[in-house]
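Heavy atoms only: backbone and side chains are in, while hydrogens, waters and symmetry mates are out.
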Number of protein chains: 2
Amino acid sequence: MNPSVLVVEDDRALCELLTWNLSAEGYQVRSTSDGEEALLMVQEQMPDAIILDWMIEHVPGIEVCRQLRKDKDTAQIPILMLTARGEEEDRIRGLKTGADDYVTKPFSPRELLARIEALLRRARPSLAGNVLQWGDIELDATSHRVRRSGEALHLGPTEFRLLRYFMERPNRVVSRQQILDGVWGMDSDIDERTVDVHIRRLRKAINRDGDTDPIRTVRAAGYAMDVT
Amino acid sequence: MNPSVLVVEDDRALCELLTWNLSAEGYQVRSTSDGEEALLMVQEQMPDAIILDWMIEHVPGIEVCRQLRKDKDTAQIPILMLTARGEEEDRIRGLKTGADDYVTKPFSPRELLARIEALLRRARPSLAGNVLQWGDIELDATSHRVRRSGEALHLGPTEFRLLRYFMERPNRVVSRQQILDGVWGMDSDIDERTVDVHIRRLRKAINRDGDTDPIRTVRAAGYAMDVT
DNA sequence: CGAGTTATGTCACTTTCCTGTCATAGAAGT
DNA sequence: ACTTCTATGACAGGAAAGTGACATAACTCG
């Protein structure tokens with residue numbers, strides 16, 4: 001299902017521009033020029049993100065924002081506010097009130113799209129807590145992606161599960177048997193030494209050039225992943 | 001006691017925004033715009049977390065980070081760095097230097113708060129593993145790590161078990177046979193003299209240069225671990 | 001469906017580090 | 001001084017982990 005965006009903007013031309021661009025990117029777009037109506041529309045169907053002009057009719061954007069943040073159900077919706085150039089004061093108040101990002105008018109649609117995308121990316125996994133981070137290593141459990149220093153790493157399925165297993169237990173020493181149970185499953189009858197081999201493969205995969213190895217071998221006990 | 005946060009940020013408006021938001025969440029906030037002053041403030045009173053802008057006056061953020069990591073007292077403080085959009089290069093170097101997380105500007109206070117919270121959650125329990133402490137010696141059973149005066153020590157498996165055995169029985173004299181039973185296992189047919197050798201190895205490992213030896217020899221009875 | 005690629009578990013071999021013992025020197029108690 | 005107990009250095013054997021190779025299983029893509 002494509003993410004839905006609610007546009008709250010009273011400049012007709014701008015509103016259409018936004019709608020058109022967002023639609024082209026595959027978003028489901030609804031729009032209104034009125035703050036109060038915006039609140040109703042949110043009630044009716046919760047959008048994944050809101051683009052909110054700060055200067056709109058009837059209810060100023062800041063008030064809309066405040067209302068949304070007040071309600072537990074809508075408090076999580078990312079809000080991108082549109083402000084006029086130079087209204088530093090507004091921007092700060094906006095962020096204080098709970099906006100997640102701002103774009104100053106005039107802006108390029110491309111930039112706005114990038115921001116919206118960033119907001120959604122940010123919002124989605126943060127709800128599930130699916131991004132594990134350890135030093136310069138990032139592991140996204142939903143997209144099954146791992147990066148070190150921003151560079152994408154290629155891990156096999158087992159190596160991925162293994163890394164996740166470690167990242168979920170920072171600094172904890174786990175025995176080979178525990179690793180087998182956690183990564184392969186309780187009922188696997190796999191040789192404990194096999195763990196060594198996968199540890200080696202994981203190390204090889206995540207330690208590019210001279211990176212420090214985050215996996216510590218604990219003789220007679222198992223392995224652990226460290227903060228260094 | 002509420003957690004304390006140190007904000008190092010030279011953009012006045014942003015600094016106030018952060019302070020305001022963090023205070024509203026119940027954090028104790030101190031702030032400065034200067035890297036050197038930040039280091040002094042940390043000396044003076046250790047914060048539970050630091051928010052550090054990467055581009056600040058006098059001392060760049062990366063240097064502050066490096067300094068903090070160098071000192072063992074401050075090395076554990078979680079650092080959240082603020083970088084400008086697109087400074088991918090900086091972000092990576094930051095993480096390599098020891099920052100724990102990053103947020104790109106502009107950002108939403110909500111996101112930042114969430115991150116800070118996550119950092120604090122993460123930092124606290126990592127220190128609170130099964131830690132035995134005796135004077136300046138710390139033994140963490142879950143991470144299998146031993147430190148003296150903050151400096152990591154390297155112990156072999158047997159030495160580790162032996163030290164733990166003593167630390168679990170402070171001030172108590174135990175016979176060689178008891179030690180064999182407790183550390184090697186009831187059914188070991190090992191010479192009692194061997195205990196002496198391992199005691200020696202343990203002493204060698206934990207007594208760096210002029211440190212006082214915490215292990216007391218009790219003639220004709222065994223050994224004990226003391227506070228001196 | 002089939003060729004080719006990738007992933008996986010095991011083995012043999014190497015390397016590293018640990019460990020138990022002994023012989024000898026030293027300290028403490030009588 | 002003599003006995004008894006402990007400290008220390010050395011060492012060989014061995015256990016544990018690292019590493020490269022390989023056969024097979026699983027998966028991909030035409």
**Prompt:** 5' to 3' on DNA chain D, which nucleotides open and close the contacts with chain A (atom under 4.0 Å from a heavy atom)?
**Reply:** D:dA15 to D:dA21

**Message:** Between A:D196 and A:R193, does any NZ, NE, NH1 or NH2 come within less than 4.0 Å of an OD or OE carboxylate oxygen?
**Reply:** yes

**Item:** Rounded distance in Å - CZ (A:R161) to C1' (C:dT8)
**Value:** 11 Å

**Message:** What is the separation between atom CD1 on B:I199 and atom P on C:dG20, rounded to the nearest whole Å?
**Reply:** 13 Å

**Message:** What is the separation between atom CZ on A:F160 and atom C1' on C:dA7, rounded to the nearest whole Å?
**Reply:** 16 Å

**Message:** Less than 4.0 angstrom between a side-chain N/O of A:H154 and OP1 or OP2 of C:dA7, yes or no?
**Reply:** yes

**Request:** Starting from P on C:dG20, measure out to CD on B:E192 and report it in whole angstrom.
**Result:** 14 Å

**Message:** Quick check for you: among C:dG9, C:dT19, C:dC22, whose closest atom lies nearest to any side-chain atom of B:R201?
**Reply:** C:dT19

**Request:** Decide if atom CZ of B:R169 counts as having more than 12 heavy atoms of other residues, nucleotides or ligands within a radius under 6.0 Å.
**Result:** yes

**Prompt:** Is a side-chain N or O of B:R203 found less than 3.5 angstrom from the main chain of B:I215, in a donor-acceptor match?
**Reply:** yes

**Item:** Side-chain ion pair, B:E63 and B:R66, N-O less than 4.0 Å
**Value:** yes

**Fill in**
Separation of C:dT21 atom C1' from B:D196 atom CG, nearest Å, is 12 Å

**Prompt:** Of the nucleotides C:dG20, C:dA28, C:dC11, which one has an atom closest to the side chain of B:I190?
**Reply:** C:dG20

**Request:** Mind telling me whether A:F160 and A:H144 have parallel, tilted or perpendicular rings, with 30° and 60° as the class edges?
**Result:** parallel

**Request:** For A:T158, report the nucleic acid contact type (base, sugar-phosphate, nothing); a contact means any heavy atom under 4.0 Å.
**Result:** sugar-phosphate

**Request:** Assign each of B:K204 and B:R193 to its nearest nucleotide of DNA chain D by heavy atoms, then name whichever residue's nucleotide is nearer the 5' end.
**Result:** B:R193

**Prompt:** Can you tell me if the side-chain N/O atoms of A:W184 get under 4.0 Å from OP1 or OP2 in C:dG9?
**Reply:** yes

**Exam field: side chain B:W134 to backbone B:E168, donor-acceptor pair closer than 3.5 Å** = no

**Nucleotide C:dT19, atom P - distance to CG of B:D191 in whole Å** = 16 Å

**Identified side-chain contact (heavy atoms from CB on, under 4.5 Å) counterpart of B:I51 within the set B:L119, B:L112, B:V103** = B:L112

**Asked** How is B:Y223 classified with respect to the nucleic acid when contacts are heavy atoms under 4.0 Å: base, sugar-phosphate, or nothing?
**Response** sugar-phosphate

**Asked** Between A:Y165 and A:R161, is there a cation-pi geometry (under 6.0 Å to ring centre, at most 45° from the normal)?
**Response** no

**Request:** Answer with base, sugar-phosphate or nothing: what part of the nucleic acid does B:V195 contact at a heavy-atom distance below 4.0 Å?
**Result:** nothing

**Item:** Terminal axes of the helix from C:dC1-D:dG30 to C:dT30-D:dA1 (five pairs each): angle between them, nearest 10 degrees
**Value:** 40°

**Asked** B:L162 has an atom CG; how far is it from atom C1' of C:dG20, in whole Å?
**Response** 14 Å

**Main-chain N/O of B:M225 paired to B:R216 side chain as donor or acceptor, under 3.5 Å** = no

**Asked** Hey, are B:N21 and B:E25 close enough side-chain-wise for a donor-acceptor pair under 3.5 Å?
**Response** no

**Prompt:** How close or far is atom P of C:dG26 from atom CZ of B:R200, stated in whole angstroms?
**Reply:** 15 Å

**Fill in**
Taking C:dC18, C:dT8, C:dC11 as options, the one with an atom nearest any side-chain atom of A:V197 is C:dC11

